[in-house]
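Because the structure is predicted, anything quoted here is derived from the model rather than measured. As a basis for the values below, the full set of heavy atoms in this structure was taken, side chains included, without hydrogen atoms, waters or symmetry mates. Order of the sequence lines sets the chain letters (A, B, ...), proteins ahead of strands, with each chain counted from 1.
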There are 2 protein chains.
Amino acid sequence: MDLFHALSDEGNRLSALETKLARFALENVDFVVNSSIVELAEKAGVSPPTVTRFCRRLGCQGYSDFKVQLAKLAYVGMRYLTPEAPTATAEEVAQDIVSKAQNALFELHRQLDLAAIEKAAQLLRGADFIQAFGASGNSAMIVNELHNRLFRLGCRMNASNDHNMNLMISASVQPGTVVFGSSFTGRDMGLVHCLELMRQRGIPIVVITQHGSPVAATADVVIGIDLPEGKNIFRPTSTRYAFLAAIDILANMVAYADRNTSLKALRSIKEELVRNRDGDDRQLLGD
Amino acid sequence: MDLFHALSDEGNRLSALETKLARFALENVDFVVNSSIVELAEKAGVSPPTVTRFCRRLGCQGYSDFKVQLAKLAYVGMRYLTPEAPTATAEEVAQDIVSKAQNALFELHRQLDLAAIEKAAQLLRGADFIQAFGASGNSAMIVNELHNRLFRLGCRMNASNDHNMNLMISASVQPGTVVFGSSFTGRDMGLVHCLELMRQRGIPIVVITQHGSPVAATADVVIGIDLPEGKNIFRPTSTRYAFLAAIDILANMVAYADRNTSLKALRSIKEELVRNRDGDDRQLLGD
DNA sequence: GCTCAAGTGAAATTCATTTTCATGAAGTGA
DNA sequence: TCACTTCATGAAAATGAATTTCACTTGAGC
């Protein structure tokens, strides 16, 4: 059961008053989870029985169950609806950044096209060599992170963040390569150009970017991520968390696509790390 | 009100049966949020009034309120208690990675020492130059990310991921520098060595690492993050999300510590980006 | 203009939660 | 050892909240 989707009423299955209730609930999550059915009915301008029917129609057992389900949603996923204040204290900043990051993850989970992830994982696992492109800070972090994840699994890979370099790399690409591109905006035209060169050379293209963007248009497999951007110029984009999680999921699927190779590579890394450190075997594979 | 801590009963303020209830609730969150007070009482072997009193003692209004609070916790923060299964389908992997990342953020928010963040922000904002050290993939990403955040705010900064380089940099450091070190394990002895060189030269040291670790011991300001590590060797550590959020919060506080300088630098970046792209002004500051 | 289906709220009913009160256990001081 | 107090607990009563029933309204379709 998916309360969030039910409340959005995509199928238009709710009546007029029920739609009103849905909107009210989404805009007043905190009020609703702390109110009785009578209070909610009064505030929303309907009768208690209407509320009960509303809850049932959304797939809940009754009003209490609805509140519980709503509370589960409340911590993450609902915060986009509250306006962004120019917060100033460390506490507010921390609260805001953490909840926005959690939202981004929540939304990613909702949107993520798992079939695309699987196709991408198959392509990457099957590649003789993976060339990743991503520039301008955010995407640079993402492709470097992908490199950090995949070399451990025994993949041969390079991540490059420099457009001129990318151009030369694209022009000299060898068959058997798979290219991976990242762009948060989807409008990195330098990247588009490189990907087109790759395409002309018959290289399979995987991208992580916004749906329907120029970057997406060049690709064989699109891992699409569309998140709203906050207005606070001082705040790093929370979309990075979603991209990072997508990379983690992708890397995990690449690992599972050939467990033996992955395991062997990881074990070798661990052995060397333990040998070169203090012999403590609980530590991370990489600091 | 903090249900999680109340349930852990650190102050030993709960009676025998209430302790039993607390343990039962933590171990059966899903059952509890879907049961009536009578069902819970029966299953836990107490009477309904005891449950009501228990809820009140935890700071809730009553049983329904308790369920709602528990449900809020249930989505994040409680998942560590469920054993990690060697999941295999893309759906399971996605679910697991996203919820672990959300947990990490949740825990970070709980643990984060905001006073340390503020002190660190003041130090960094006041520095003539910031030198960041972090190696081995994860910490490398973190310090590169810090660089990506801070240069935009007009901070002069370098991030270095190479131990030999770090050694030379440390040996030749100039007064006015502030050094920032990142280590997930806190046992990066190469980093400890560099930080000690810095300390001998009177350079203020900020670190993000585990409490009580060798790296933490070298520092003036410790941003401590202690998270449990999962057992699945194929899965990237979720601790990265917590570190990343800490960096975002820190960067935001640095920005607020001198809004004018930050704003001027950010505006300049935006202008140049818009001029060099398609004139679309909605885009991110960096792809 | 009639019929039927769907939507809605008032009142009655049911059910869940809380309060009251009595009991017993554990500790305290004479 | 014996009152005495305090606290924890559950049975039963009382309260209060949620749901069902039923009657009324509205609007679409014939």
Side-chain angles (χ1 to χ4, degrees), chain A residues 1 3 6-26 28-74, chain B residues 1 3 6-26 28-74:
Chain A
M1 198 221 40
L3 189 61
L7 277 172
S8 330
D9 190 29
E10 280 151 7
N12 258 62
R13 294 185 325 286
L14 298 181
S15 72
L17 287 192
E18 285 169 347
T19 307
K20 189 169 147 196
L21 271 171
R23 184 151 345 122
F24 184 84
L26 282 172
N28 302 279
V29 173
D30 281 344
F31 173 80
V32 173
V33 297
N34 291 311
S35 316
S36 72
I37 195 169
V38 181
E39 289 172 301
L40 168 58
E42 189 170 335
K43 200 102 172 189
V46 302
S47 69
T50 300
V51 176
T52 296
R53 281 186 291 258
F54 168 72
C55 298
R56 293 265 163 77
R57 174 129 7 168
L58 294 176
C60 301
Q61 296 266 95
Y63 182 63
S64 330
D65 186 36
F66 170 68
K67 284 208 293 188
V68 166
Q69 304 290 351
L70 194 60
K72 282 190 194 175
L73 279 186
Chain B
M1 198 220 40
L3 189 61
L7 277 172
S8 334
D9 190 28
E10 281 151 8
N12 257 62
R13 293 185 327 286
L14 298 181
S15 73
L17 287 193
E18 284 170 345
T19 307
K20 189 169 147 196
L21 271 171
R23 183 151 344 122
F24 184 85
L26 281 172
N28 302 279
V29 174
D30 280 344
F31 173 80
V32 174
V33 297
N34 291 312
S35 317
S36 73
I37 195 169
V38 180
E39 290 172 300
L40 169 58
E42 188 169 336
K43 199 102 172 189
V46 302
S47 69
T50 300
V51 176
T52 296
R53 281 186 290 259
F54 167 72
C55 299
R56 294 264 163 78
R57 174 134 1 174
L58 294 176
C60 301
Q61 297 268 93
Y63 182 63
S64 330
D65 185 36
F66 170 69
K67 284 208 294 188
V68 166
Q69 304 291 353
L70 193 61
K72 282 190 194 174
L73 278 187

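- Taking atom CD of residue Q61(B) and atom C1' of nucleotide dG16(D), one finds them 15 Å apart after rounding to whole Å.
- Checking the phosphate oxygens (OP1, OP2) of dT19(D), a side-chain nitrogen or oxygen of T52(A) falls inside 4.0 Å.
- Separating the CZ atom of F54(B) from the P atom of dT9(D) is a distance of 12 Å, rounded to the nearest angstrom.
- The shortest distance between the side-chain N/O atoms of R57(B) and the OP1/OP2 oxygens of dT9(D) is not below 4.0 Å.
- For R53(A), whose side chain is taken as the heavy atoms from C-beta onward, the closest listed nucleotide among dT17(C), dT21(D), dG10(D) is dT21(D).
- One finds a side-chain N or O of T50(A) lying less than 4.0 angstrom from the OP1 or OP2 phosphate oxygen of dG9(C).
- The CD1 atom of I37(A) sits 14 Å away from the P atom of dT8(C) (whole-angstrom rounding).
- When atom types are taken as modelled, the side chain of E39(A) and the backbone of S36(A) share a donor-acceptor pair closer than 3.5 angstrom.
- Heavy atoms only, all atoms of each residue included: Y63(A) and V32(A) are closest at OH-O, 3.5 Å.
- In this structure a side-chain-to-backbone donor-acceptor pair under 3.5 Å is missing from K67(A) to I37(A).
- Here the C1' atom of nucleotide dG27(D) and the CG atom of L17(A) are 15 Å apart, to the nearest Å.
- Per the geometry, CD belonging to E42(A) stands 12 Å off P belonging to dA10(C), to the nearest Å.
- Distances were taken from every side-chain heavy atom of S36(A) (C-beta onward) to each of dA18(D), dT17(C), dT8(C); the shortest belongs to dA18(D).
- Of the candidate nucleotides dT20(D), dT18(C), dA18(D), dT20(D) has the atom nearest to the side chain of R56(A).
- Rounded to the nearest 0.5 Å, atoms CZ (R53(B)) and OG (S15(B)) are 8.5 Å apart.
- The CZ atom of R56(A) lies 12.5 Å from the CD atom of E18(A); values are rounded to the nearest 0.5 Å.
- Atom NZ of K20(A) and atom C1' of dT8(C) are 12 Å apart (whole Å).
- Checked against dA10(C), dT9(D), dT17(C), the side chain of P49(A) finds its nearest nucleotide in dA10(C).
- Rounded to whole Å, the distance from NZ on K67(A) to P on dA17(D) is 10 Å.
- Atom CG of N34(A) is separated from atom P of dA17(D) by 14 Å (rounded to the nearest Å).
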